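Report on one structure; see the data block that follows.
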Amino acid sequence: MTDTHTPQVLGRPTGAFVGASWVALGLGASVYFIGLYSAHMTLAEKGFYLSVFLLGLFAAISVQKAVRDRAEEIPVTGAYLGVAWSMLLVALTVMAVGLWNAELLLSEKGFYGIGFAMSLFAVVAVQKNVRDLAAFRSVHPEPAPKEHTTYPTMG
């Protein structure tokens, strides 16, 4: 049985996980943006899909941060957590409704949906890694570089 109030000691995330998270975010966002750039839709439609994408990423990061803060007993208001979850659900819903009603091929709809979903998952993983690395560095600061007290001689 574990005590829920015992602070967890986090290790440093592996380079492979950090790299994979960034690659997944880059790949998901690239797929989404390439599709958006090459799509035959009005500028207003492209703006809609870009805005929903950015709202989703920001909301996913906010949810991750608020949930993690609460787990670490850092005060988070219920209003902030509620707004973060609400905006994530709004972004998911608006994206789904927008793609459902879009005059796009089913393959194009899937392209945007997968790029969006992959980016949401990846941005949460990237945010977790950034926070874990910061926590690790605060406990294990890098040693200061050694100062040289003598100058090299020419010889």
Side-chain angles (χ1 to χ4, degrees), residues 1-39 43 45-99 108-152:
M1 179 181 233
T2 61
D3 182 10
T4 58
H5 296 290
T6 303
Q8 295 180 348
V9 178
L10 297 174
R12 180 185 179 106
T14 64
F17 185 64
V18 171
S21 301
W22 278 105
V23 167
L25 179 58
L27 186 62
S30 295
V31 163
Y32 192 88
F33 291 139
I34 288 168
L36 201 57
Y37 176 78
S38 61
L43 192 56
E45 290 172 303
K46 288 182 179 186
F48 166 80
Y49 286 109
L50 176 64
S51 298
V52 173
F53 182 84
L54 295 175
L55 173 65
L57 292 185
F58 184 77
I61 289 171
S62 293
V63 167
Q64 192 279 341
K65 182 190 180 327
V67 168
R68 175 91 176 251
D69 283 352
R70 282 213 167 162
E72 294 176 0
E73 297 182 3
I74 297 171
V76 176
T77 64
Y80 181 82
L81 186 59
V83 167
W85 273 111
S86 297
M87 290 302 100
L88 182 57
L89 293 173
V90 164
L92 289 167
T93 301
V94 169
M95 180 63 76
V97 169
L99 288 175
E108 290 177 297
K109 292 178 181 185
F111 190 80
Y112 289 112
I114 292 298
F116 184 62
M118 185 175 183
S119 297
L120 287 181
F121 173 78
V123 79
V124 169
V126 166
Q127 166 62 14
K128 179 191 180 310
N129 290 335
V130 167
R131 187 153 175 173
D132 286 350
L133 283 170
F136 182 82
R137 288 182 181 139
S138 71
V139 175
H140 303 93
E142 294 181 20
K146 292 183 181 180
E147 290 187 29
H148 296 284
T149 56
T150 60
Y151 293 99

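Nothing here was measured: the structure is a model prediction, and the numbers come from that model.
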Exercise. Can you name the nearest heavy-atom pair linking Asn129 to Ser21, along with the distance?
Worked result: ND2-OG, 3.1 Å

For this session: Taking all heavy atoms of Pro13 and all of Val18, pick out the closest pair and write down the distance.
Result: CB-CG2, 3.9 Å

Which residues pass the side chain to side chain contact (heavy atoms under 4.5 Å, CB included) test with [X], not counting sequence neighbours?
{"X": "Leu50", "result": "Phe33, Leu36, Leu54"}
{"X": "Ile61", "result": "Val123, Gln127"}
{"X": "Val31", "result": "Leu27, Phe111"}
{"X": "Val94", "result": "Phe48, Val52, Val90"}

Hey, could you give me the [atom1]/[atom2] distance between [X] and [Y], rounded to the nearest 0.5 Å?
{"X": "Arg131", "Y": "Glu72", "atom1": "CZ", "atom2": "CD", "result": "4.5 Å"}
{"X": "Leu55", "Y": "Leu88", "atom1": "CG", "atom2": "CG", "result": "8.5 Å"}
{"X": "Leu133", "Y": "Lys128", "atom1": "CG", "atom2": "NZ", "result": "9.5 Å"}

Can you list every side chain to side chain donor-acceptor pair (under 3.5 Å) pair that touches [range], not counting sequence neighbours?
{"range": "residues 88-97", "value": "none"}
{"range": "residues 116-125", "value": "none"}
{"range": "residues 51-61", "value": "none"}

For this session: Could you list all the ring-ring contact (aromatic ring centres under 6.0 Å, His included) pairs where at least one residue sits in residues 55-79, not counting sequence neighbours?
Result: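 Listed once each, the pairs would be none.
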
Exercise. Less than 4.5 Å apart, any side-chain heavy atom of Phe116 and any of Leu92?
Worked result: yes

For this session: State whether Asp132 and Arg137 are salt-bridged, where the test is any N-O pair (Lys NZ or Arg NE/NH1/NH2 against Asp/Glu carboxylate O) under 4.0 Å.
Result: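 No, this pair does not count.
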
Problem set entry | Derivation of the side chain to side chain contact (heavy atoms under 4.5 Å, CB included) call for Arg70 and Ile74 | CA-CA 5 Å; Arg70 282 213 167 162; Ile74 297 171; over 6 Å; no

Name each donor-acceptor pair under 3.5 Å that joins a side chain in residues 75-85 to protein atoms two or more places apart or in another chain, with its distance.
| residue | atom | partner | partner atom | Å |
| --- | --- | --- | --- | --- |
| Thr77 | OG1 | Tyr80 | N | 3.1 |
| Tyr80 | OH | Ser62 | OG | 3.2 |

Problem set entry | side chain to side chain contact (heavy atoms under 4.5 Å, CB included) between Ile34 and Tyr37, worked out | CA-CA 5 Å; Ile34 288 168; Tyr37 176 78; 5.8 Å; no

Exercise. Considering residues at least two apart in sequence or located in another chain, which fulfil the ring-ring contact (aromatic ring centres under 6.0 Å, His included) criterion with Tyr32?
Worked result: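 Once residues adjacent in sequence are excluded, the partners of Tyr32 under the ring-ring contact (aromatic ring centres under 6.0 Å, His included) criterion are Phe53, Tyr112.
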
